[in-house]
Amino acid sequence: RLRKWQSRLRVSDAAERNLAFALSELDRIASQLKLPRHVEEEAARLYREAVRKGLIRGRSIESVIAACVYAACRLLKVPRTLDEIADISRVDKKEIGRSFRFIARNLNLTPKKLFVKPTDYVNKFADELGLSEKVRRRAVAILDEAYEKGLTSGKSPAGLVAAALYIAGLLEDEKRTQREVAEVARVTEVTVRNRYKELVEKLNLKIPV
Amino acid sequence: MVDMSNVKLRIENIVASVDLFTQLNLEKVIEICPNSKYNPEEFPGIICRFEEPKVALLIFSSGKLVVTGAKSVEDIERAVNKLIQMLKKIGAKFGRAPQIDIQNMVFSGDIGMEFNLDAVALSLPNCEYEPEQFPGVIYRVKEPRAVILLFSSGKIVCSGAKSEHDAWEAVRKLLRELEKYGLIEEEEEW
DNA sequence: GCTTTAAAAAGTAAACT
DNA sequence: AGTTTACTTTGTAAAGC
């Protein structure tokens, strides 16, 4: 009897310790990424639900916390790339991505709920690049037309937004280099060039020389 | 009725497990396998490649094998028989015919139509689509058990099926779902 | 869970020219 | 700016850590 009681105490002790560790890790990530409080709270809620459903089994607490942060950002439309989260997490991007897909499947986080409009990324990247409202609107128009013409399926949203901002910058005479847009979007210059090439060709854009 | 007349499937890879029902001394086996690799510290089996038929074999001391890379079941049988002839030269005894089980067949294919994967992900239940991580929609079919990767070009990859018939059934089920959610006839309405 | 093996899809990354 | 090679995803068995 006493033994059983003690083991239950031990189990809840471990569970509490794990939760405390998880929440401190969440705090660390949230403050470094300067996430709004509601995003951090949503990530904590997702984590508790994941624990309740036994989704942590076989995964590290850190990868699940990072995955919950990414999921909360997507759910609440607060753009953050997986790379930004992976940079400050101890686990790599691949592992966080796996945990993210696993919790998304099991917490019914459908693609619809997780969908973030390219527009939201436009504003985030444009903020970091110091681009005007005019350039942002032009970039969104380019992205909308690209979507209508079926040029976006399967492509990295970050890469598309980076190229759209690069083009919009050229068209509105607020040029940013490929290197600059690639850096804020966390994609390579080659990806910016590839998307740029396709958008300019298929949307018949005239780039001023 | 689902129209499968424009759908194509092609075998790309077959994985089979084999039991030779004989214990093997791997130290002796490596000496007769030309292009082979054996590092028990990193992997317990011998990794051996045949050029004809073109397959890769994993050979274990229990006498069990894994044959991968084959394009037909016949290739697997030929590879197993070829290995048995080689093993006989180093004194291995075979009292009965090997047991071959097909474990996985991978197909590449084409549905013959382009897709707006955002639209597919929004309406098709139980699918995954994370273009930042992988360009295709991942769709799992329960019965027959298989997974289909669907790309915007309409090209597909079907893996996990245990027969060509199962792969076709899995693709048929995906098409039924796509049709059910109005994702098939689209062509202009992106 | 991991280790190793095979092959395709289409996108992106890393390393070069 | 563009090429080559390599890696992302899916599934599967083997023996052992």
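A, B, ... follow the sequence lines: proteins, then strands. Residue 1 opens every chain.
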> Out of C/dA8, C/dG11, C/dT5, which has the shortest distance to the side chain of B/Pro135?
Replying inline: C/dG11
> Run the side-chain hydrogen bond (donor to acceptor under 3.5 Å, both in side chains) check on A/Ser132 and A/Glu174 step by step: do they pass?
Replying inline: CA-CA 8 Å; A/Ser132 70; A/Glu174 278 183 53; 2.5 Å; yes
> Who does C/dT17 pair with, Watson-Crick or G-U, both distances under 3.5 Å?
Replying inline: D/dA1
> NA contact type, B/Val66, heavy-atom cut-off 4.0 Å: base, sugar-phosphate, or nothing?
Replying inline: base
>> Please compare A/Arg193 and B/Ala146 by the position of their nearest nucleotide in DNA chain D and report the one closer to 5'.
In response: A/Arg193
>> Say we look at C/dA8 and D/dA13: how far apart would their P atoms be, to the nearest angstrom?
In response: 22 Å
>> Please determine whether a side-chain nitrogen of the Lys or Arg among B/Glu12 and B/Arg10 lies less than 4.0 Å from a carboxylate oxygen of the Asp or Glu.
In response: yes
> How many Å lie between CD on B/Glu41 and P on C/dC2, as a whole number?
Replying inline: 21 Å
> What's the closest nucleotide to the A/Lys155 side chain, out of D/dT9, C/dG11, D/dG2?
Replying inline: C/dG11
> Is the NZ or CZ atom of A/Arg74 both under 6.0 Å from the centre of the six-membered ring of A/Phe115 and within 45° of that ring's axis?
Replying inline: no
>> Rounded to whole Å, how long is the line connecting atom NZ of A/Lys93 with atom P of D/dC7?
In response: 15 Å
>> Surrounding NZ of B/Lys180 (heavy atoms of other residues, nucleotides or ligands, distance under 6.0 Å), is the total greater than 12?
In response: no
> Using purine N1 to pyrimidine N3 plus N6-O4 or O6-N4 for Watson-Crick, or N1-O2 and O6-N3 for G-U wobble, each under 3.5 Å, what pairs with D/dG11?
Replying inline: none
>> Evaluate B/Glu132 against A/Ser156 for side-chain hydrogen bond (donor to acceptor under 3.5 Å, both in side chains), listing each step before the verdict.
In response: CA-CA 5 Å; B/Glu132 207 70 76; A/Ser156 149; 2.5 Å; yes
> In whole Å, what is the span from the CD atom of B/Glu12 to the C1' atom of C/dA10?
Replying inline: 14 Å
>> Judged by each residue's nearest nucleotide on DNA chain D, which is more toward the 5′ side, B/Thr68 or B/Phe134?
In response: B/Phe134
> Among C/dA10, C/dG11, C/dT5, which is the nearest nucleotide to the side chain of B/Lys37?
Replying inline: C/dT5
>> Rounding to an integer number of Å, can you tell me how far B/Phe151 CZ sits from D/dT8 C1'?
In response: 10 Å
> Nearest to the side chain of B/Ser17 - D/dA15, D/dA13, C/dT12?
Replying inline: D/dA13
>> Let's see if you can work this out: which of C/dT12, D/dA13, D/dA14 has an atom nearest to the side-chain heavy atoms of B/Phe43?
In response: D/dA14
